[in-house]
Each structure stands twice: as C-alpha cells, then as structure tokens.
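As the structure is a computational prediction, the values presented were derived from the model and not from experiment. Positions are given from 1, in the same order as the sequence printed here.
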Amino acid sequence: MPRAPKYSFEQFYTTRRLLNTLTFAPDGQTIAFVADYTGTFNLYRKGLTEHEPVQLTESTSVRPVAVVWAPDGYIYFLADIDGNELFNLYRVPAVGGDTEPLTNRPNVQYLSLSLSHDGGALYYAGNAITPSETHLFRRDLKTGEERLICGGPGFWEQGYESQNGRFLTICQTFGNTDTRLHLLDTLSGELRELTADKPTARRVAGPWFGKHEAFLYLSDDEGEFTQGYLRILDGDVNRPYITPKWDVSALFGTRDGKSFGFVVNENGYAKVTLVDNETGMFYAGPKDLQAGVIEEVALSADGTKLALLLNQSSRPADIFVWDRTTGAVTRLTDCLGAQLKPADMVSPELVAIPGPDHPIPAWLYRPAGLGPADQVPVLISFHGGPETQELPKWNPLYQYLLDQGIAVLAPNIRGSVGYGKSYQRSIYRDWGGGDLRDMEACAQWSSSQAWVKPGKLAVFGGSYGGFASLSCATRLPQYWACAVDFCGPSDLITFTKTVPPTWRRIMKGWVGDPEEDRDLLVERSPITYIDQVRCPMLVLQGAQDTRVVQAESDKMVEALRARAIPVEYLVFPDEGHGLAKQSNREKGWKAMGDFLLKHLG
C-alpha cells in the first residue's frame with residue numbers, strides 16, 4: 001500500500017517562489033531577484049556572503065518580472081499590476097529607497113529589458129506607438145531621453161550591442177518558430193536583415209564573440225534542434241559552433257564579449273557550460289547543478305561567476321552561484337524551508353506512451369510505497385503553451401497528490417518543445433486535432449496499467465493545458481472521473497478574437513482565423529461538445545487575464561450549469577493568467593486538491 005500521508009496541504013504551499021529573473025551588481029558581489037517572501041512578488045538583493053536578503057520594493061499589486069542592475073546605482077525593472085501583463089518601467093535605488101515609475105503608460109506593454117554595452121542606456125520593446133505592433137526603444141539613463149530604434153510588423157526586441165557600440169543585433173518575431181535576425185549599424189542607421197534568404201526558423205540573438213567582429217545566435221534552420229552559430233561580419237559567414245544532439249535552450253554572455261555560456265536541454269534536464277573567449281576554454285558546470293531544470297542564468301561582469309535559478313523535482317527553484325575560478329558553489333536561497341524533506345518527495349521516471357503516430361514522452365510520478373498488487377488513481381496533467389515543455393521540476397500539487405496516494409502522468413504531447421521543430425510545429429492550425437489523439441493515447445495507456453485503479457482517471461491543465469482538459473472532458477468523456485480547467489479557452493473563435501493586440505497577427509497561423517476558419521474552429525472548440533460531458537468539473541479563472549479572458553470560462557460554466565453538470569467555479573479578481581499572490585495560490589490550489597481527492601478517493 002502507498003504510505004500514509006506525511007504532510008498537510010499547507011506545508012506544500014508555504015514554500016517560497018522565485019521568478020525567472022536574476023541580475024548581478026556591477027561588482028559581481030550581490031544579486032537582485034524577485035521572490036514572494038511576503039506573499040506577493042517583490043524585488044530583493046542579497047550579497048554572496050550575506051545571511052538575509054534585503055527587500056527593495058513593498059507592494060501587494062505591482063509585480064516585477066524583469067530586472068537589470070545598472071552602473072548608475074539603480075535597479076531597473078518591468079512590472080505589471082495584479083497580473084494584467086501591462087508591464088511598465090520602474091527603478092529603485094540599489095541601496096534602498098522609493099520606487100519610481102519611468103513610463104507609467106496605461107494599456108501599453110513593455111518587454112525585453114537589457115543594458116547597453118557601456119551600461120549607460122536601457123533597451124526595451126513596447127507597443128506604445130501601435131497597439132498591435134511592438135517597437136524597440138533606447139533610454140539614456142543620464143537624461144531619461146527615450147529614442148525609437150525601429151519597429152513595424154511583428155515583435156521587435158534587442159539582442160546584444162557590440163563592445164564598440166556600433167552594432168546592435170535585433171530580432172523581429174512573427175511567431176514561436178518565425179524570427180528574423182537583423183543588424184543595426186548605429187553610425188549609419190542602416191538596418192539589415194541577415195536571414196532574408198533563409199527559411200522560417202526560430203532564432204535568438206546572442207552575445208558578441210571577442211571584440212566586435214562576430215556574434216553568436218541560436219537557430220533551428222539547419223535541422224530539427226536549436227543549435228548555436230557564429231556569425232562573422234567579414235563576409236557574412238555563418239559557422240556552426242554549439243552543436244549538441246538536443247536543443248540549446250539558452251545563450252548568454254558578458255557585455256565585454258570576453259565570456260559566454262549556454263544551456264542544453266537534454267531530455268528535460270539542463271546542462272550548463274561557460275566559455276572563456278580569450279583562452280578558448282570550456283567549463284562544464286558542476287555535476288550537482290545538472291540534475292534539474294535551469295530556469296534563469298546571469299553572468300557577472302567579469303564572467304567568473306554564474307548565477308542559476310535551479311529547479312528540481314524534489315525542491316522549488318533556488319539561486320546558486322558558481323565561481324568557475326574556484327569551483328565553489330554557493331546556495332543563496334532556500335525556498336523549500338524546513339517543513340518538507342526532499343527525501344520524501346517523489347522524482348519522476350521518463351516513460352514513452354505509444355501514440356497514434358509517434359511515441360509520447362511523459363513524466364510518470366508514482367506514490368512512494370506502491371506494492372505490486374496496489375492500485376491508485378491517476379491525474380493526467382497537460383502543460384500550457386502549447387509550445388512549452390513538461391519538465392522534471394518542483395510542482396507542489398503533484399507532490400501533495402502523491403503524498404495522498406494519487407499518481408501523476410505529465411506528458412509532452414505534440415506541440416511541445418524539446419523534441420525537434422517538426423514535433424513542435426505539428427500543433428499549428430490543428431488545436432483539438434492530432435493533439436486530441438495524443439491525449440486519448442495517454443488516457444488509454446493509463447487505463448491499461450495494472451497499478452491504475454479502474455474508473456479513477458482525472459485530467460488537469462492550465463492555459464493551453466486548460467484547453468486540453470476541456471477537450472478531454474467534452475470530446476473524450478468516457479475516461480474521466482473529474483476534470484480541472486485553469487484559464488483554458490473554451491471557444492476558439494472568441495479566443496482568437498480576444499487575445500492581446502500584439503498576439504493577433506500570429507493567431508491565423510497558430511490556431512486559425514476566426515472568419516476564414518470558422519467551421520474548423522467550431523469543430524475543435526470544447527464548447528461545441530458540451531452535451532457530452534459526464535464528469536464533475538472545477539474551473540478557475542483570473543479576472544485580469546488578458547491572454548484567455550474571463551468570458552471563456554464564464555461561457556463554459558454557464559453551459560455546464562444549464563445542463564445540470566456539477567461544476568465549481570472560482571474567479572480571482574486580482575489575478576491574471578495564473579495565481580501570483582500567496583493567498584490566492586493557497587485558496588485556488590487547495591480547491592484543486594480537495595476537488596481531486598473528493599472524486600478520486
């Protein structure tokens with residue numbers, strides 16, 4: 001029999017969270033980061049030898065999401081309010097003091113914050129000129145002058161500035177697998193597309209290599225996986241430079257061009273390497289920092305220290321600093337705390353689900369103490385995106401359910417990243433098509449396992465995963481004891497019409513056009529099959545959600561209630577696309593846990 005529960009729900013949900021943003025102080029001795037130590041996300045700094053962090057912002061609604069520490073003594077960051085994703089630019093003195101808004105423009109979204117090569121200016125993108133398009137801006141930190149760099153169709157964002165300040169790499173994005181790479185000559189003003197003769201591909205501009213004659217970038221235009229390339233300006237030569245058999249998921253470097261690093265996603269686990277451009281030496285990261293998911297990285301200005309946000313299935317993400325000159329690794333945070341023991345947490349095994357036309361990689365978590373004759377319920381959890389990846393990292397809902405004797409199957413169905421661009425792109429204009437067949441394959445496989453309790457399958461997901469959960473409940477009703485939807489689109493026609501303005505350009509190629517593809521979108525919408533629902537449902541929604549607006553959940557809940565299907569509905573007035581505040585997080589995830597235990601017990 002699975003062991004008796006050791007922990008309460010509250011113990012899993014009083015762990016702390018860090019957002020995916022890190023920045024070193026100019027001297028490399030302190031790190032700024034964003035954490036929810038007070039129950040809401042705020043900005044903190046912590047020295048490498050200090051015991052306690054220093055809180056720099058104090059807000060219950062303004063959420064920092066991108067942080068840059070400039071040489072002028074200020075920390076700059078983008079932040080939204082109550083999860084509305086309308087990010088504006090702020091700054092706060094690094095020594096502490098009042099937070100100052102610098103843009104403060106309602107209904108405008110700024111993104112992609114970084115420093116110029118000399119640290120005297122900020123680059124950021126935003127839709128301040130045209131709501132449906134983004135432009136690239138440069139802000140002088142001494143004068144506060146904001147200057148338009150470029151913009152137009154698509155999403156424009158900066159890459160890196162060369163060490164002499166003359167060149168700036170720029171990306172123009174039309175979708176997750178369609179990014180054009182440009183080079184701006186800041187002296188002449190010439191903006192030149194470097195990929196005009198190449199097919200549609202994912203591209204990410206990387207740091208400059210050496211002085212200013214070449215730069216690194218990521219691309220999948222030469223094969224299935226994203227690899228690292230060196231672009232040499234003299235002769236416009238592209239040279240393969242980082243070529244593992246998996247995706248290079250991140251590429252980063254110092255502004256002086258002396259050091260860079262990269263992260264490889266090897267079947268869900270991350271491996272990090274640092275490179276000294278002056279010596280040509282490659283430094284593989286410590287082995288104990290490779291058994292997890294690296295969610296964010298930051299290099300010190302001299303390239304000798306690497307800060308990582310490392311997430312593992314047995315504990316939440318924490319900040320580690322690796323000094324490559326000494327080999328020392330320092331843990332700066334402890335988000336698990338003393339209430340839980342990592343040894344009691346369940347790590348997953350990687351399994352391959354037989355799919356309709358390809359194996360489906362999936363992470364399987366089974367409760368501790370499960371004997372050969374034991375049978376347990378299973379939650380099938382579909383990730384969001386859909387172009388993201390289920391990874392072996394901390395999930396308090398999974399660990400709580402496992403402690404209660406419920407297994408979790410978390411698959412990477414078609415559309416997921418990490419398994420080649422063909423697999424990723426197979427979701428395009430096919431939501432509710434091939435992916436639904438993968439969903440059914442996961443349900444069939446689970447039902448066929450001897451250790452799975454008959455009639456005790458549940459489905460869960462948020463965002464696209466919510467769409468998957470709704471699709472399962474409405475179009476595959478025979479499998480489920482219950483279903484949970486967290487901010488998932490129920491009607492693909494209204495969904496494609498109400499996404500943020502900057503998204504609308506990509507919707508036709510990604511999901512479909514609400515006019516031209518009306519019949520297809522009706523056929524693939526969960527709301528079309530509402531009469532087929534058999535199981536009780538729980539629906540959760542943030543009222544400030546701009547990606548999947550509340551009307552999508554309202555419509556589904558109203559239709560379920562009209563047909564007397566048991567449904568519970570939770571709306572969070574001060575949340576967007578997810579639950580950021582601790583009080584809401586505890587309420588929402590507790591409701592999910594209680595609902596699943598009630599119907600799977």
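Between Asp438 and Arg414 there is a salt bridge, since at least one side-chain N of the basic residue sits less than 4.0 Å from a carboxylate O of the acidic one. We find that Arg3 and Asp403 are joined by a salt bridge, their nearest charged nitrogen and carboxylate oxygen being less than 4.0 Å apart. Under the 4.0 Å criterion applied to side-chain N and carboxylate O atoms, Lys590 and Glu10 are not assigned as salt-bridge partners. Taking a cutoff of 4.0 Å between a charged side-chain nitrogen and a carboxylate oxygen, Lys581 and Glu575 do not qualify as a salt bridge. Salt-bridge check for Asp594 with Lys598: failed, with every basic side-chain N at 4.0 Å or more from each acidic carboxylate O. Under a 4.0 Å N-O distance rule, the pair Lys271/Glu266 qualifies as a salt bridge.
For NZ of Lys508, the number of neighbouring non-hydrogen atoms (other residues, nucleotides, ligands) closer than 6.0 Å is 12 at most. Heavy atoms of other residues, nucleotides or ligands lying less than 6.0 angstrom from NZ of Lys46 number more than 12.
Side-chain contact, Ser469 with Asp485: no donor N or O sits under 3.5 Å from an acceptor N or O. Between the side chains of Gln399 and Tyr365, no donor N or O sits under 3.5 Å from an acceptor N or O. Residues Ser422 and Glu224 have side chains that bring a donor and an acceptor to within less than 3.5 angstrom of each other. Neither side chain, Thr528 nor Glu523, offers a donor N or O lying under 3.5 Å from an acceptor on the other. For the residue pair Thr60 and Thr40, no side-chain donor N or O sits within less than 3.5 Å of a side-chain acceptor on the partner. Tyr419 and Gln389 form a side-chain donor-acceptor contact under 3.5 Å, judged by distance and modelled atom types alone. Side chain to side chain, His577 and Thr546 fail the donor-acceptor criterion of an N or O pair below 3.5 Å. A side-chain donor-acceptor contact under 3.5 Å links Tyr428 and Glu387. Donor-acceptor pairing under 3.5 Å is lacking for the side chains of Tyr423 and Ser416. For the residue pair Tyr569/Asp554, the side-chain donor-acceptor check at 3.5 Å is satisfied.
Using a 4.5 Å heavy-atom threshold, the side chains of Val248 and Val263 count as separate. With contacts defined as side-chain heavy-atom distances shorter than 4.5 Å, the pair Met592/Phe486 qualifies. Looking only at side-chain heavy atoms (C-beta outward), Phe320 and Pro286 stay at 4.5 Å or farther from each other. Here the side chains of Ile294 and Tyr269 are not in contact, with every heavy-atom distance at 4.5 Å or above. Between Val484 and Leu540 the shortest side-chain heavy-atom distance falls below 4.5 Å. Side-chain contact between Ile406 and Val378: absent, with no pair of heavy atoms (C-beta onward) separated by less than 4.5 Å. Residues Ile81 and Leu86 form no side-chain contact, since every pair of their non-hydrogen atoms from C-beta on lies 4.5 Å or further apart. Leu402 is not listed as a side-chain neighbour of Tyr400, based on a closest heavy-atom distance of 4.5 Å or more.
Two rings, from Tyr464 and Trp431, have their centers less than 6.0 Å apart. Phe12 and Tyr7 have their aromatic ring centers within a separation under 6.0 angstrom. In this structure, Trp503 has its ring center no closer than 6.0 Å to that of Phe174.
The backbone N or O of Arg202 lies less than 3.5 Å from a partner atom in the side chain of Asp220, making a donor-acceptor pair. Looking only at distances, no side-chain donor or acceptor of Asp247 sits under 3.5 Å from a matching main-chain atom of Asn265. In terms of modelled atom types and a separation under 3.5 Å, the side chain of Asn311 and the main chain of Lys393 share no donor-acceptor contact. A donor-acceptor contact shorter than 3.5 Å is absent between the side chain of Asp344 and the backbone of Pro342. Here the side chain of Gln424 pairs no donor or acceptor atom with the backbone of Pro386 at under 3.5 angstrom. With Gln109 contributing its side chain and Pro500 its backbone, the two residues share no donor-acceptor pair below 3.5 Å. Without hydrogens or angle criteria, Glu552 side chain to Asp491 main chain gives a donor-acceptor distance under 3.5 Å. The main-chain N or O of Pro514 is never found under 3.5 Å from a side-chain atom of Lys497 such that the two would form a donor-acceptor pair. Side-chain N or O atoms of Glu440 include none that pairs as donor or acceptor with a backbone N or O of Leu436 at under 3.5 Å. Judged purely by atom type and a 3.5 angstrom limit, Gln582 uses its side chain to pair as donor or acceptor with the backbone of Tyr13.
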Please evaluate residues Val293 and Gln312 with respect to the criterion side chain to side chain contact (heavy atoms under 4.5 Å, CB included), reporting the C-alpha separation (whole Å), side-chain torsions for both, the decisive distance (0.1 Å), and the verdict. CA-CA 6 Å; Val293 178; Gln312 298 173 300; over 6 Å; no
Before you tell me yes or no, could you show the steps for Val452 and Val376 under side chain to side chain contact (heavy atoms under 4.5 Å, CB included), namely the whole-Å CA-CA distance, both residues' side-chain angles and the distance that decides it to 0.1 Å? CA-CA 5 Å; Val452 175; Val376 295; 6.0 Å; no
Verdict with reasoning, Asp80 to Arg63, per salt bridge (Lys or Arg N to Asp or Glu O under 4.0 Å): CA-CA 5 Å; Asp80 68 351; Arg63 176 185 59 157; 2.7 Å; yes
Assess whether side chain to side chain contact (heavy atoms under 4.5 Å, CB included) is satisfied between Leu18 and Leu309, documenting all intermediate values. CA-CA 8 Å; Leu18 305 176; Leu309 195 61; 3.4 Å; yes
Does the salt bridge (Lys or Arg N to Asp or Glu O under 4.0 Å) test come out yes or no for Asp517 and Arg429, once each step is laid out? CA-CA 9 Å; Asp517 302 309; Arg429 294 175 63 83; 2.9 Å; yes
Would you check, one step at a time, whether the test side-chain hydrogen bond (donor to acceptor under 3.5 Å, both in side chains) holds for Ser61 with Asp82? CA-CA 5 Å; Ser61 59; Asp82 287 336; 4.8 Å; no
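Taking the centre and axis of the six-membered ring of Tyr529, the NZ or CZ atom of Arg475 falls inside the cone set by 45° and 6.0 Å. Remark: Arg534 fails to qualify as a cation-pi partner of Trp480 under the 6.0 Å distance and 45° angle criteria applied to the six-membered ring.
Using bins of under 30°, 30° to 60° and over 60° for the plane-to-plane angle, the ring pair Phe33/Tyr44 lands in the parallel bin.
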